[in-house]
Amino acid sequence: MASTPCPPRTATTAHLNSPLSSSSSVNHNKPSNLSFLHASSNPSSVKLLHSVSASFSPSSTTKTGICNVLKTVESADISLSRDLHGVVSTAKPTILVSEKLGEAGLDLLRSFGNVDCSYDLSPQDLCAKISLCDALIVRSGTKVTREVFDAAQGRLKVVGRAGVGIDNVDLQAATEFGCLVVNAPTANTIAAAEHGIALLTSMARNVAQADASMKAGKWLRSKYVGVSLVGKTLAVMGFGKVGSEVARRAKGLGMHVIAHDPYAPADRARAIGVDLVSFEQAISTADFISLHMPLTPATNKVFNDDTFAKMKKGVRLINVARGGVIDEDALVRALDSGIVAQAALDVFTVEPPPKDSKLVQHENVTVTPHLGASTKEAQEGVAIEIAEAVVGALNGELSATAVNAPMVPPEVLSELAPYVVLAEKLGRLAVQLVTGGSGIQSVKVVYKSARDPDSLDTRLLRAMVTKGIIEPISDTIINLVNADFIAKQKGLRISEERIIVDSSPEYPVESIQVHISNVQSRFASALSENGNISIEGRVKYGVPHLTRVGPFSVDVSLEGNLILCRQVDQPGMIGKVGNILGESNVNVSFMSVGRTVKGKLAIMAIGVDEEPDKDTQKKIGEVSAVEEFVFLKL
């Protein structure tokens with residue numbers, strides 16, 4: 001398919017005149033921390049204000065402008081839908097389906113609108129059609145680029161991705177053009193779990209290799225002696241929907257199942273007889289390892305030479321998640337050395353993999369061409385799930401599977417923008433301080449403000465704390481629409497407290513605190529008196545600052561990366577640590593020291609532009625007065 005761009009056209013979307021609007025997240029495949037706040041400026045649109053819950057009545061200046069939440073029926077009994085831009089329309093919407101979809105989903109779409117099934121469209125053909133469509137449904141083969149949104153001329157209101165991944169949709173462009181993007185993340189859960197178990201059992205008994213051998217005219221019974229599953233330990237890496245279903249089935253096979261997932265509730269794991277453990281314990285004790293983690297910057301090639309070296313010799317590996325979580329060259333080396341006895345893979349870093357791939361051709365590797373969701377039942381389920389989400393969006397409803405949403409008007413954003421950044425960075429910092437296998441279950445966010453609590457809408461700030469906590473180790477994109485839903489889904493309880501302080505009401509928030517309870521900390525000094533991880537920040541001169549870590553006061557800009565050191569409060573410490581960083585060409589952008597009592601203990605917070613290598617971090621730890629330290633990415 002030729003990649004011919006559509007003719008350029010002047011966009012009709014408004015861009016916020018703020019330096020914050022160009023902020024970018026660590027994961028460049030995700031929208032920036034403010035990208036889902038861009039408001040549509042289609043000149044024909046009428047923006048609707050979404051009412052918050054009855055228990056909360058913000059002033060008119062702080063109501064969130066969420067487009068498309070109302071469906072009204074006039075007295076004449078004619079249904080008038082308000083679309084995503086708030087425009088009332090009586091015409092049936094046109095829904096373009098560019099890749100094959102199950103009949104059950106198509107029937108649902110046809111009952112609501114005019115459905116155009118046009119498959120194998122070239123990029124140019126798609127651009128030519130899209131200006132006549134209100135919705136577009138794709139799978140993974142159609143690239144929904146900025147040019148597509150531009151060619152839609154403001155008419156395209158929703159893009160539905162029939163599946164989980166949204167790499168083929170330009171989310172930033174969708175948001176800028178006021179187009180909602182929804183996906184179908186749940187319908188293929190059982191199919192993926194079943195495929196994981198199929199790979200597990202066929203690998204253990206050499207089914208694929210024995211089949212190929214017999215078809216080549218051979219009878220090699222002694223060569224393909226397998227291993228039993230009963231009594232073996234399976235480590236499930238990622239205990240979400242698919243991972244938990246794999247665990248249930250593995251228990252039925254008589255396996256002992258352990259799991260690692262920083263967000264999995266321990267009680268849910270215990271209910272099916274699974275022990276939650278740390279990453280290191282999982283990989284070092286397992287006989288079989290099944291991967292069900294998302295591909296994020298934190299998990300990219302997380303299974304590498306160092307990781308394989310910590311595994312039990314003869315371990316067996318299954319991956320039906322994302323190919324990029326494995327360093328494929330390192331896996332080949334582990335297979336050749338015998339550290340990994342066998343691997344069964346459904347996903348690859350590049351799909352399809354090269355024909356001469358050493359990994360695919362390895363005699364101890366079983367491979368399938370990304371068949372995890374490929375059952376008739378799953379395909380029908382995905383079709384229904386995405387059809388329901390698209391129809392709901394066209395009806396003015398905001399789906400829980402929405403992955404973006406244009407919702408905050410510029411006047412609210414202009415006031416909250418620096419606090420939005422602060423909230424996300426506090427969440428991002430807090431989650432990096434957590435260690436251990438128990439997982440995060442309870443988070444408390446405390447807002448100090450001079451304003452009356454009823455005039456401070458904190459939903460956006462709460463969403464951004466949630467975003468900061470979840471996104472670094474998840475492929476879920478968090479926004480105001482789905483933050484509470486995703487948090488609940490992951491067993492994460494987020495409570496809020498508003499404290500009135502005697503300061504100027506000119507500013508909406510004096511400070512934000514994030515407390516994570518019932519967890520272990522990588523940096524013990526971040527623990528407050530009650531044993532919770534506790535950090536606080538505020539906005540100074542428009543820039544987010546970290547102002548407290550545990551009981552220690554600090555004052556550092558939340559930019560770049562951060563090193564926190566707990567040290568004996570004595571002269572020369574700044575110079576010693578600074579010299580170590582300087583000798584390694586690590587640039588220091590700022591430094592702050594906070595202490596509780598003179599001459600006792602102090603916290604040194606150091607901002608650095610680059611991540612120090614392992615040798616540099618080791619040297620810092622060897623400084624006699626340094627009791628602990630941690631490196632954090634902001």
Side-chain angles (χ1 to χ4, degrees), residues 16 20-21 23-27 30-39 49-53 55-56 58 62-69 171-172 174-175 180-182 263 398-410 412-431 440 442-447 449 453 456-498 508-509 511-516 535 537 539 544 558:
L16 301 174
L20 290 167
S21 64
S23 301
S24 61
S25 173
V26 174
N27 184 351
K30 296 179 180 179
S32 71
N33 49 11
L34 294 179
S35 64
F36 67 89
L37 305 180
H38 289 296
L49 291 177
H50 173 50
S51 299
V52 296
S53 63
S55 61
F56 187 76
T62 59
K63 285 182 180 176
T64 304
I66 301 180
C67 307
N68 48 303
V69 289
L171 285 178
Q172 179 71 34
T175 300
L180 193 68
V181 179
V182 296
Y263 294 118
L398 285 167
S399 169
T401 65
V403 293
N404 75 333
M407 56 188 77
V408 178
V412 175
L413 179 60
S414 64
E415 180 176 60
L416 286 183
Y419 303 95
V420 165
V421 179
L422 172 64
E424 182 183 358
K425 290 199 172 186
L426 288 176
R428 188 175 292 271
L429 190 155
V431 74
I440 302 172
S442 180
V443 177
K444 183 178 181 180
V445 186
V446 179
Y447 311 96
S449 174
L456 179 64
D457 186 347
T458 60
R459 291 177 305 157
L460 177 56
L461 300 178
R462 182 177 73 244
M464 296 309 290
V465 171
T466 306
K467 180 184 179 77
I469 290 175
I470 293 178
E471 280 195 358
I473 51 175
S474 171
D475 59 358
T476 305
I477 295 174
I478 306 298
N479 57 39
L480 181 57
V481 178
N482 66 1
D484 291 342
F485 174 82
I486 296 297
K488 183 177 180 181
Q489 187 181 55
K490 292 183 177 294
L492 186 63
R493 296 187 298 273
I494 299 184
S495 60
E496 295 178 288
E497 180 181 351
R498 296 174 178 84
V509 178
S511 69
I512 300 175
Q513 299 174 2
V514 176
H515 306 274
I516 303 180
I535 58 175
V539 173
L558 287 173

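Here the structure is a predicted model, which is why all the values come from computation and not from measurement.
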For [X] versus [Y], what's the shortest heavy-atom pair and its separation?
X: Ala430; Y: Val514; value: CB-CG1, 4.1 Å
X: Ser442; Y: Leu492; value: N-CD1, 4.4 Å
X: Pro508; Y: Ser449; value: O-OG, 2.6 Å
X: Thr466; Y: Ala487; value: CG2-CB, 4.2 Å
X: Leu426; Y: Ile535; value: O-CD1, 3.3 Å
X: Pro472; Y: Lys467; value: CD-O, 3.8 Å

From [atom1] ([X]) to [atom2] ([Y]), nearest 0.5 Å:
X: Leu422; Y: Ile512; atom1: CG; atom2: CD1; value: 4.5 Å
X: Ile494; Y: Arg462; atom1: CD1; atom2: CZ; value: 7.5 Å
X: Glu471; Y: Ile486; atom1: CD; atom2: CD1; value: 10.5 Å
X: Thr458; Y: Arg498; atom1: OG1; atom2: CZ; value: 3.5 Å

(request) Compare all side-chain heavy atoms of Asn404 with those of Leu180 and state whether any distance is below 4.5 angstrom. (result)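 Sidechains of Leu180 and Asn404: in contact.
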(message) Applying side-chain contact (heavy atoms from CB on, under 4.5 Å) to Val539 and Val509, what does each step give before you reach the verdict?
(response) CA-CA 8 Å; Val539 173; Val509 178; over 6 Å; no
(message) Show, in sequence, the C-alpha distance, side-chain angles and deciding distance for Lys490 and Ile470, and conclude whether the side-chain contact (heavy atoms from CB on, under 4.5 Å) test is met.
(response) CA-CA 9 Å; Lys490 292 183 177 294; Ile470 293 178; 3.8 Å; yes
(request) Go through the steps to decide whether Leu460 and Leu416 satisfy the test side-chain contact (heavy atoms from CB on, under 4.5 Å), and finish with yes or no. (result) CA-CA 9 Å; Leu460 177 56; Leu416 286 183; 3.9 Å; yes
(message) Has Lys444 got a side-chain atom pairing as donor or acceptor with His515's backbone, closer than 3.5 angstrom?
(response)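 No; judged by distance alone, with no hydrogens or angles, the pair does not exist.
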(request) Kindly determine whether Tyr447 and Glu497 satisfy side chain to side chain donor-acceptor pair (under 3.5 Å), including the steps that lead there. (result) CA-CA 6 Å; Tyr447 311 96; Glu497 180 181 351; over 6 Å; no
(message) Looking at Asp484 and Arg459, is any side-chain nitrogen of the basic one under 4.0 Å from a carboxylate oxygen of the acidic one?
(response)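 The answer is no: the pair does not qualify as a salt bridge.
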